> 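Structure in structure tokens, see below.
Nothing here was measured: the structure is a model prediction, and the numbers come from that model. Indexing begins at 1, ligand by ligand and atom by atom, following the structure's order.
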Amino acid sequence: MARTIDGTLVAAKIKSEVAEQVASLVERGVRPGLAVVLVGDDPASHSYVRMKEKDCEEVGILSRDLRRPAQTTQAELNDLIDQCNSDPSIHGILVQLPLPAHLDEEAVLARISREKDVDGLHPTNLGRLVRGIQAPRACTPWGVMKMLEHYGIDPAGKRAVVVGRSSIVGKPMALMLLEANATVTVCHSKTQDLPVVCREADILIAAVGRPEMVTAEFVKPGAVVVDVGINRTDKGMVGDVDYASVEPIASAITPVPGGVGPMTRAMLLANTVAAATVAVGAQNL
Ligand code: NDP
């Protein structure tokens, strides 16, 4: 039976650390501020944003709710980002993805000031990750690394397989594991013999978006399995891992819900307080 990697528990620890950091910034006269930009009516996005705003309230970060209608133009969104960039009371800017199809997501992410990019998705910040330079880290893979660290799972020298190569999860995940000295393989929809490749993993990360695709035949006995997937199905929310068949053979596994999801949210708070701390430091120079 696998040990449960409890994301809710680790996220609570990170949130209490963030709350302390916020309190100390407030003592210095600075309340960390997060601008939450949401364009359109996607119900899942609205629910994510509500959760993120509630998280901010819990730790004392001021969230500024910037909802805009689905027909918002690129120029209007650019203006909004520019205003947030130049507002000293805003330390982090979160643009909830996906944006409506007529908007250029890449252009919007690149327009956010690098220092306020608390999602860690600005091209410069992803580039800094490649170069191993300090920068805000993409929240989901950074949250996975923090969970592994909490449970004493050191990737150094291990074989890690990441299934998925998106810029939001798979690629930065692979880079962070590489930085932690794992030997990393990245798989995707064109990978041949996927179960065979996955069975080489000591640490298997599933970030695919296909409900319960990763079954027992993908998993080496004793492997650590991290399920990033969030899939809404008739039977409720499920991950990319078939928990029932994988849990008996893994050594540790993240549940869905209660695994990576809460960590992603906690890392957004951690990145926001870090951005505010840097901004305060800069003011004091
Ligand atoms: P994307 O759709 O952007 O990427 C999915 C990746 O999976 C692609 O690289 C794709 O390959 C690969 N893939 C698709 N089908 C297969 C297959 N049959 N075999 C192997 N690889 C395959 O998704 P995201 O990276 O944004 O998200 C992945 C999952 O993680 C989703 O379920 C999403 O909801 C969830 N998620 C969860 C978060 C959390 O906080 N827990 C945060 C962000 C995402 P190719 O590149 O070849 O198309």
> In terms of residue, atom name and distance, what is the protein heavy atom nearest to atom 10 (C) of ligand 1?
Ser189 N, 4.3 Å
> Please confirm whether Ala207 approaches ligand 1 to less than 4.0 Å, judged on its heavy atoms.
yes
> Considering heavy atoms of the protein only, find what lies nearest to atom 9 (O) of ligand 1 and give residue, atom and distance to 0.1 Å.
Arg165 N, 2.8 Å
> Out of curiosity, is Gly170 lining ligand 1, as in a heavy atom under 4.0 Å away?
no
> Would you say the side-chain atoms of Arg114 and Asn125 include a donor-acceptor pair closer than 3.5 Å?
yes
> When you measure from atom 36 (N) of ligand 1 to every protein heavy atom, which one gives the shortest distance, and what is it?
Val228 O, 3.7 Å
> Any idea which atoms of ligand 1 are less than 4.0 Å away from a heavy-atom of Leu194?
19 (N), 20 (C)
> Looking only at heavy atoms, what is the nearest atom pair of Ser245 and Ala216, with distance?
OG-N, 3.1 Å
> Could you tell me the residue and atom name of the protein heavy atom closest to atom 20 (C) of ligand 1, and the distance to it rounded to 0.1 Å?
His188 O, 3.2 Å
> Could you tell me whether the side chain of Val163 reaches within less than 4.5 Å of the side chain of Asp240, counting heavy atoms only?
no
> Side chains of Ser89 and Asp87: do they bring a donor and an acceptor to under 3.5 Å?
yes
> Against Pro155, only a single residue in Val184, Asp202, Ile203 fulfils side chain to side chain contact (heavy atoms under 4.5 Å, CB included); can you say which?
Ile203
> Any heavy-atom pair between the side chains of Val226 and Leu204 that's under 4.5 Å?
no
> Counting heavy atoms only, which part of Arg210 comes closer than 4.0 Å to ligand 1: side chain, backbone, both or neither?
side chain
> Would you please say whether a donor-acceptor pair under 3.5 Å links the side chains of Arg67 and His46?
yes
> Considering distance alone, does some N or O of Met213 sit under 3.5 Å from an N or O of ligand 1?
no
> Need the ligand 1 atom indices (1-based, order shown) with element for anything under 4.0 Å from a heavy-atom of Gly261.
40 (O), 41 (N)
> Tell me, which protein residue and heavy-atom name are nearest atom 33 (C) of ligand 1, and how many Å apart are they?
Ile230 N, 4.1 Å
> Below 4.0 Å, non-hydrogen atoms only: which portion of Thr191 touches ligand 1? Side chain, backbone, both or neither.
neither
> Please state whether Ile168 comes within less than 4.0 angstrom of ligand 1, counting heavy atoms only.
no
> Salt bridge or not for Glu76 and Arg68, using N-O below 4.0 Å?
no
> Please identify which atoms of ligand 1 are closer than 4.0 Å to at least one heavy atom of Asn231.
32 (O)
> Which residue supplies the protein heavy atom nearest to atom 16 (C) of ligand 1, what is that atom called, and how far is it?
Val208 CG1, 3.5 Å
> Where is the nearest protein heavy atom to atom 26 (O) of ligand 1: which residue, which atom, and how far?
Ser166 OG, 4.0 Å
> Is there a path of hydrophobic side-chain contacts, each under 4.5 Å between heavy atoms of I, L, V, M, F, W or Y residues, that connects Val246 with Val224?
no
> Identify whether the distance between the nearest side-chain nitrogen and carboxylate oxygen of Arg265 and Glu58 falls below 4.0 Å.
no
> If you count the atoms of ligand 1 from 1 in the order shown, which ones are under 4.0 Å from a heavy atom of Thr264?
39 (C), 40 (O)
> Counting heavy atoms only, which part of Thr140 comes closer than 4.0 Å to ligand 1: side chain, backbone, both or neither?
side chain
> Just need the protein heavy atom nearest to atom 44 (C) of ligand 1, so name the residue and atom and give the distance.
Val169 CG2, 3.9 Å
> Is a salt bridge present between Arg64 and Glu53, judged by a nitrogen-to-oxygen distance below 4.0 Å?
no
> Under 4.5 Å between any side-chain heavy atoms of Ile230 and Met237, yes or no?
yes
> With atom 31 (C) of ligand 1 as the reference point, say which of Gly164, Gly209, Gly239 has the nearest heavy atom.
Gly209
